[in-house]
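A short worksheet on the structure shown next.
Residue numbers run from 1 in the order of the sequence given. Numbering of ligands and ligand atoms starts at 1, following listing order.
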Amino acid sequence: MTATSIDAVSARAAAIAPSATLALTARVRALRDEGQDVIGFGAGEPDFTTPEPVCSAAIEALQGGMTHYVPVPGAPETRAAVADLMRTRNGIACTGDDVIISNGGKFSCFLAIQALIDPGDEVVLPTPAWLSYKPMVELAGGTLVEVETGPESDFLATPEAIAAAMTPRTKLVIINSPSNPCGTMYAPEQVRALADVVAAHDRAWIMSDEIYDRLVYGGREHLSLGSLEQVADRTITINGLSKTWAATGWRVGWACAPGQGGAVVKAMTRLQSQSSSSITGFLNPAIVAACTRTDEEVEAMRCAFEQRGRLMFEKVSAWPHVTCPPPGGAFYVFPDISSTFGRTSPGGRKLASAATFAEALLEEASVAVVPGESFLGCGGNHVRLSFATDEASITEGCRRVHDWLEALQG
Ligand code: GLU
């Protein structure tokens, strides 16, 4: 960017880095368009097609003429269907009035943070964490307070560490379980302990990003923070179609915040009315279909992810120079690759960081992984691999990485 073009945009826009996950997804697409045989472990995106009842409902609504404006927070029956799901599956006491549907879970997070954070407010975030939370907090003028975690604790923050990070200025604690990028999750007793810590701070809200709540493995149980009495009136639960319903391109997410007279949902609705207006109108019936008629399809995809996660973990654990906790939820493994730093790749590149590791791997072995620096904390020692892809690609991609690691020098 030239000095002139930097001057043209606001300081806010100039300071924001593009999403590294989306940039990598675009790069893999471009390399494949050029004819390269790239194995993509980058995108956190299911390879399945959205379940048929969801697609049919959207097509019927479109063909039936549902092409006009819809209510800003979503049609009443859509909000009611989401609320039913949140009540029955997640144990969150709510009605449709407590739900706002937005253009993707990412925009739901963005609006929630805009609705809550004033300049000077502190936002506590266990790291490594999904890379968009930090820019969202900064765009709202908030100050991010990181609670660093590591593989020795399965990347889970202890209640003591969260308590130590909280101050009278803490307005929000962000919890993302199961975690992107770590692939681990809090057990129910750990969720309860976190809730107790936040409950001791009158001002603090929780944004519980539960976009992977139905993708849990090994019989693990997901407990929603918003179902716990001590924090129910100040928890915003985020979810959406993208991951569970293999619908990343639909851009449908939602937030559920029953507490305090619906103040947060109302604020998010005002913000949405002045920005995107609403989701695409004819997606409303599709959301109802997703919430009410897809249990079998969702479970079949979860089983496939569980199988793929086992396969990828087995392969990654056998890589030389690498350590990795097993995946408990979401569809990521997050191995520590720092013991390769200082070595030289087969193509002659000096490995000095997760970024140089990922770049060399893509260039030399045609395997795309996300370098962990943008996930903060110890992320710079890790790369993220998504197993939301078929087993043949997992086997072949992991073999390529294995051979490439074995050929490192130094
Ligand atoms: N959440 C997915 C990922 O982490 C999609 C890309 C993004 O929004 O960051 O890969």
Starting from [atom], locate the nearest protein heavy atom and write down its residue, its atom name and how far away it is, to 0.1 Å.
atom: atom 8 (O) of ligand 1; value: Lys106 NZ, 3.0 Å
atom: atom 2 (C) of ligand 1; value: Lys243 NZ, 3.1 Å
atom: atom 7 (C) of ligand 1; value: Thr21 OG1, 3.3 Å

Does the side chain of [X] pick up a donor-acceptor pair with the side chain of [Y] at under 3.5 Å?
X: Asn239; Y: Arg214; value: no
X: Gln230; Y: Asp196; value: yes
X: Ser224; Y: Asn90; value: yes
X: Thr167; Y: Glu122; value: yes

Could you say whether the N/O atoms of [X] and ligand 1 ever approach to under 3.5 Å?
X: Tyr212; result: no
X: Ser132; result: no
X: Gly44; result: yes

Indicate the ring-plane relationship of Trp130 and Tyr133, choosing parallel, tilted or perpendicular according to the 30° and 60° boundaries.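 Perpendicular.
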Should the proximity of Thr25 to ligand 1, defined as any heavy atom under 4.0 Å, be assigned to the side chain, the backbone, both, or neither?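 Under 4.0 Å from ligand 1, Thr25 contributes no heavy atoms.
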List every atom of ligand 1 that sits less than 4.0 Å from any heavy atom of Leu22, numbering the atoms from 1 in the order shown and giving each element.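 Matching atoms, with element in brackets: 6 (C).
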Applying side chain to side chain donor-acceptor pair (under 3.5 Å) between Gln272 and each of Ser278, Ser277, Ser102, report the one that passes.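 Of all the options given, the one that passes is Ser102.
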